[in-house]
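Read the structure below first, then the notes.
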Amino acid sequence: MKENIVKNKTFDFAIRVVKLYQYLSNDKKEFILSKQLIRSGTSIGAMIREAEHAESKSDFIHKFAIAQKEANETIYWLELLKSTNFLNEKEFENISNDAIEILKLITSIIKTTKNQQLTN
């Protein structure tokens, strides 16, 4: 069976987000922003999983588009956590780079699928 890179990356990313949430709530006593982060950050992979069993190409694209929006929102919460000093530069860069990579990957898959839809 072919390895599903986006599925694996988003699952690993969700694990990192959960661990970051635990750190922020337990060590930094930050509960509001971190709750938003865990919602959007774990939702990315959930939407990718839903797309695996999409009813059509359009449904697949729609689910990936939701994952794309969640990834973008996650980047926003990470930037806000950094700007309010809940994350230092190194902590931010590490997870933010992963989020940006996932966002680019999802965007590429959406574009490719739309192009395939046009040629069929």
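In what follows, every heavy atom counts, from backbone to side chain, and hydrogens, waters and symmetry copies are set aside.
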Exercise. How far does OG1 of Thr10 sit from CD1 of Ile48, to the nearest 0.5 angstrom?
Worked result: 5.5 Å

Seminar exercise, completed: Distance col, row Leu87:CG vs Leu24:CG, nearest 0.5 angstrom, shows 5.5 Å

Are [Y] and [X] connected into the same hydrophobic cluster when the rule is that any two of I, L, V, M, F, W, Y join if their side-chain heavy atoms are below 4.5 Å apart?
X      : Y     : value
Val17  : Tyr23 : yes
Leu80  : Phe86 : yes
Leu105 : Ile61 : yes
Ile106 : Ile15 : no

Can you name the residues that form a side-chain hydrogen bond (donor to acceptor under 3.5 Å, both in side chains) with [X], not counting sequence neighbours?
X      : result
Thr107 : Gln68
Ser34  : Glu30
Asn8   : Glu3

Let me have the donor-acceptor pairs involving side chains of residues 110-119, under 3.5 Å, with sequence neighbours excluded, atom names and distances please.
| residue | atom | partner | partner atom | Å |
| --- | --- | --- | --- | --- |
| Thr112 | OG1 | Ser108 | O | 2.9 |
| Thr113 | OG1 | Ile109 | O | 2.7 |
| Asn115 | ND2 | Lys111 | O | 3.4 |
| Gln117 | NE2 | Ser58 | OG | 3.2 |
| Thr119 | OG1 | Asn115 | O | 3.4 |
| Thr119 | OG1 | Gln116 | O | 3.1 |

Exercise. Asn26 side chain to Gln22 main-chain N or O, any donor-acceptor pair under 3.5 Å?
Worked result: yes

For this session: Would you list the pairs meeting side-chain hydrogen bond (donor to acceptor under 3.5 Å, both in side chains) in which at least one residue belongs to residues 78-87, sequence neighbours left out?
Result: Lys82-Glu89

For this session: Could you list all the ring-ring contact (aromatic ring centres under 6.0 Å, His included) pairs where at least one residue sits in residues 88-117, not counting sequence neighbours?
Result: none

Problem set entry | Residue pairs passing the ring-ring contact (aromatic ring centres under 6.0 Å, His included) test where at least one lies in residues 38-76, sequence neighbours excluded | Phe60-Phe64

Tabulate below the donor-acceptor pairs under 3.5 Å that side-chain atoms of residues 39-46 make, not counting sequence neighbours, or state none.
| residue | atom | partner | partner atom | Å |
| --- | --- | --- | --- | --- |
| Arg39 | NH1 | Gln36 | OE1 | 3.4 |
| Ser40 | OG | Gln36 | O | 3.3 |
| Ser40 | OG | Leu37 | O | 3.4 |
| Ser40 | OG | Thr74 | OG1 | 2.9 |
| Thr42 | OG1 | Ile38 | O | 2.6 |

Exercise. Apart from Met47 itself, what residues make up its hydrophobic cluster when side-chain heavy atoms of I, L, V, M, F, W and Y under 4.5 Å apart count as a link, directly or indirectly?
Worked result: Ile66

Exercise. Is there a side-chain contact between Leu78 and Leu20, using heavy atoms and a 4.5 Å cut-off?
Worked result: yes

For this session: Can you run down the salt bridge (charged side-chain N to carboxylate O under 4.0 Å, His left out) pairs that involve residues 46-60, sequence neighbours left out, and say none if there aren't any?
Result: Lys7-Glu52, Glu50-Lys63, Asp59-Lys63

Name each donor-acceptor pair under 3.5 Å that joins a side chain in residues 96-104 to protein atoms two or more places apart or in another chain, with its distance.
| residue | atom | partner | partner atom | Å |
| --- | --- | --- | --- | --- |
| Asn97 | ND2 | Glu93 | O | 3.1 |
| Asp98 | OD2 | Arg16 | NH1 | 2.2 |
| Glu101 | OE2 | Lys9 | NZ | 2.8 |

